[in-house]
Amino acid sequence: MKKLMSSFLIGSMAVLLAACGGSDSTQGNGSASNEGGEATEQVDSKTIRAGIGLNSEHPQYKGLEKFKELVEERTEGAIVVETYHSGQLGDDRSMMEALQLGTQEVTVPSTAPIANFVSEFSVFDFPFLFPSSEVADQVLDGEVGQGFLDRLEDQSLVGLAYWENGFRNLTNSKQAVATAEDFKGLTIRTMENDLHLEAFRALGANPTPMAFTELFTAMQQGTVDGQENPYATIYLEGYSEVQKHVSNTNHIYSPFVFMMSKTFFDSLTEEEQEIVSEAALEAGAYQRELNREANETYLANLQEEGMTYTEISEEERQKMIEAVQPIIDKYAENIGTDVVEEVYSAIEAAQ
Ligand code: KDG
């Protein structure tokens, strides 16, 4: 069994860790004594608790480890980074709330839950928006992407870099999905985001929003028939144990946003702010590279583990695009056509 932690356990751990951490990020202040009883000057260190939903095998966690290495080395230990995986500190939404409260310092959620805090972020979850990861990199790492990160500040969050979750693909335990029609009647877990929900409804599925930390158990108990995530997640989270079919729907390119609590960021010196900002970008470049390799490799592993793989033809993909278009139009209007146009133009320029 790859998935050992129940939501109960995860919840209790989050409470425990929060209780141990408290809201003060400085630790070890004042003096201490060494073994000989001599008083020594102990350097104050600031602690970053960085939490994610995915497990320790995932490139997202390897990225966090890289961030830790860079920050601790460059601040010579003045900032200590503690890394937490598998939702040990909570799910995407609750960790963002903890950042706002200043009881956690870093998290790296998908853009979908971020839209509950800054609605404009929904645009990145428009189905079939980005044609490739490379185009996504150019848009997100450029002026347009920065403009979205800046919007987080009003929410007491500091967006430091885009990392990558990747192209999302559908899995389920009921039937091979080859056509737009095949979505009909499938109960699909979606991320907690209204656009995702409505898009799956438009495809004829029965979507239920749910935190990532509850997903494995929901599939195991049959509460949902399926879910959608990049191949790296499907493989590394052991979904082949509870899912039979996978299709290359590639319906949404999911970016991650590496973000920090504004309260914490503002408490850092200018030099420390530069170090954490640079480290988030460098660790992100490393994470994207690992993630792309993983997403290329793991489809074969899923098939080896017994899942059936179904390719979506261009004709069927076109039908899916048509089915979700009214939802995209609706959200484009809600977000503001100027914001959406800005993203479309950047995508065009990047191609
Ligand atoms: O660490 C990130 C995860 O918490 C989450 O964003 C993964 O894509 C995801 C999902 O489906 O919830």
Side-chain angles (χ1 to χ4, degrees), residues 3 5 7 10-11 13-14 49-65 67 83-99 104 106-117 121-122 124-125 127 133 136 159 161-172 188-197 199-200 205 207-219 224 226-239 242-243 246 249-259 280 283-284 287-288 290-291 294-295 298:
K3 195 83 184 174
M5 247 189 262
S7 344
I10 290 166
M13 269 183 90
R49 283 156 296 184
I52 56 167
L54 297 166
N55 69 25
S56 60
E57 295 300 310
H58 197 282
Q60 193 189 27
Y61 190 69
K62 311 278 176 214
L64 270 195
E65 289 182 317
F67 174 77
T83 55
Y84 298 95
H85 55 83
S86 311
Q88 287 168 317
L89 296 185
D91 57 48
D92 282 352
R93 190 198 272 253
S94 60
M95 286 193 282
M96 284 180 71
E97 285 165 356
L99 260 56
Q104 185 182 328
V106 162
T107 189
V108 195
S110 301
T111 45
I114 300 176
N116 296 310
F117 297 77
F121 267 91
S122 282
F124 293 135
D125 285 75
S133 310
Y162 289 96
W163 289 16
E164 179 184 86
N165 194 350
F167 282 97
R168 305 182 76 88
N169 292 300
L170 184 76
T171 68
N172 80 93
I188 304 293
R189 172 269 177 177
T190 66
M191 286 193 277
E192 294 175 289
N193 173 293
D194 291 342
L195 167 63
H196 279 239
L197 203 65
F200 275 93
T208 33
M210 191 182 287
F212 183 75
T213 41
E214 288 163 33
L215 175 55
F216 191 90
T217 312
M219 290 189 290
V224 295
Q227 64 84 48
E228 39 84 56
N229 253 299
Y231 294 134
T233 302
I234 300 170
Y235 177 65
L236 295 169
E237 296 284 335
Y239 289 176
V242 288
Q243 298 279 274
V246 56
T249 47
N250 280 326
H251 51 279
I252 287 170
Y253 174 84
S254 224
F256 281 140
V257 175
F258 184 104
M259 58 174 71
Q287 186 273 340
R288 278 176 175 169
L290 291 185
N291 202 56
N295 278 325
Y298 291 144

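Since this is a predicted model, take the numbers as computed values, not measurements. We count ligands from 1, going down the list as the structure has it; atoms in each ligand are counted the same way.
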Heavy-atom donor-acceptor pair, His85 side chain to Gly51 backbone, under 3.5 Å: no

Full working for side chain to side chain donor-acceptor pair (under 3.5 Å) between Thr208 and Arg189: CA-CA 5 Å; Thr208 33; Arg189 172 269 177 177; over 6 Å; no

Residue portion contacting ligand 1 (non-hydrogen atoms closer than 4.0 Å) for Asn229: side chain

Which of the ligand 1 atoms, numbered from 1, are nearer than 4.0 Å to a heavy atom of Met191: 8 (O), 9 (C), 10 (C), 11 (O), 12 (O)

Proximity flag His58 to ligand 1, non-hydrogen atoms under 4.0 Å: no

Backbone of Glu192 reached by a side-chain donor or acceptor of Asn116 within 3.5 Å: yes

SB check Arg288 Glu164 (cutoff 4.0 Å): no

Contacting atoms of ligand 1, where contact means under 4.0 angstrom from a heavy atom of Asn165: 8 (O), 9 (C)

Numbering as shown, the atoms of ligand 1 that approach Leu54 to under 4.0 Å (heavy-atom distance): 1 (O)

For atom 11 (O) of ligand 1, the option (of Glu228, His196, Arg189) bearing the nearest heavy atom: Arg189

Protein heavy-atom partner closest to atom 4 (O) of ligand 1 - residue, atom, separation in Å: Asp92 OD1, 2.7 Å

Distance-only donor-acceptor check, side chains Ser122 and Asp125, under 3.5 Å: no

Any side-chain donor near an acceptor of the partner, Tyr253 and Ser133, under 3.5 Å: no

Any N or O of Gln60 closer than 3.5 Å to N or O of ligand 1: yes

Pro109 N/O to ligand 1 N/O under 3.5 Å: no

Exercise: do Gln227 and Thr171 side chains pair donor with acceptor under 3.5 Å: yes

Any Gln227 heavy atom less than 4.0 Å from ligand 1: no

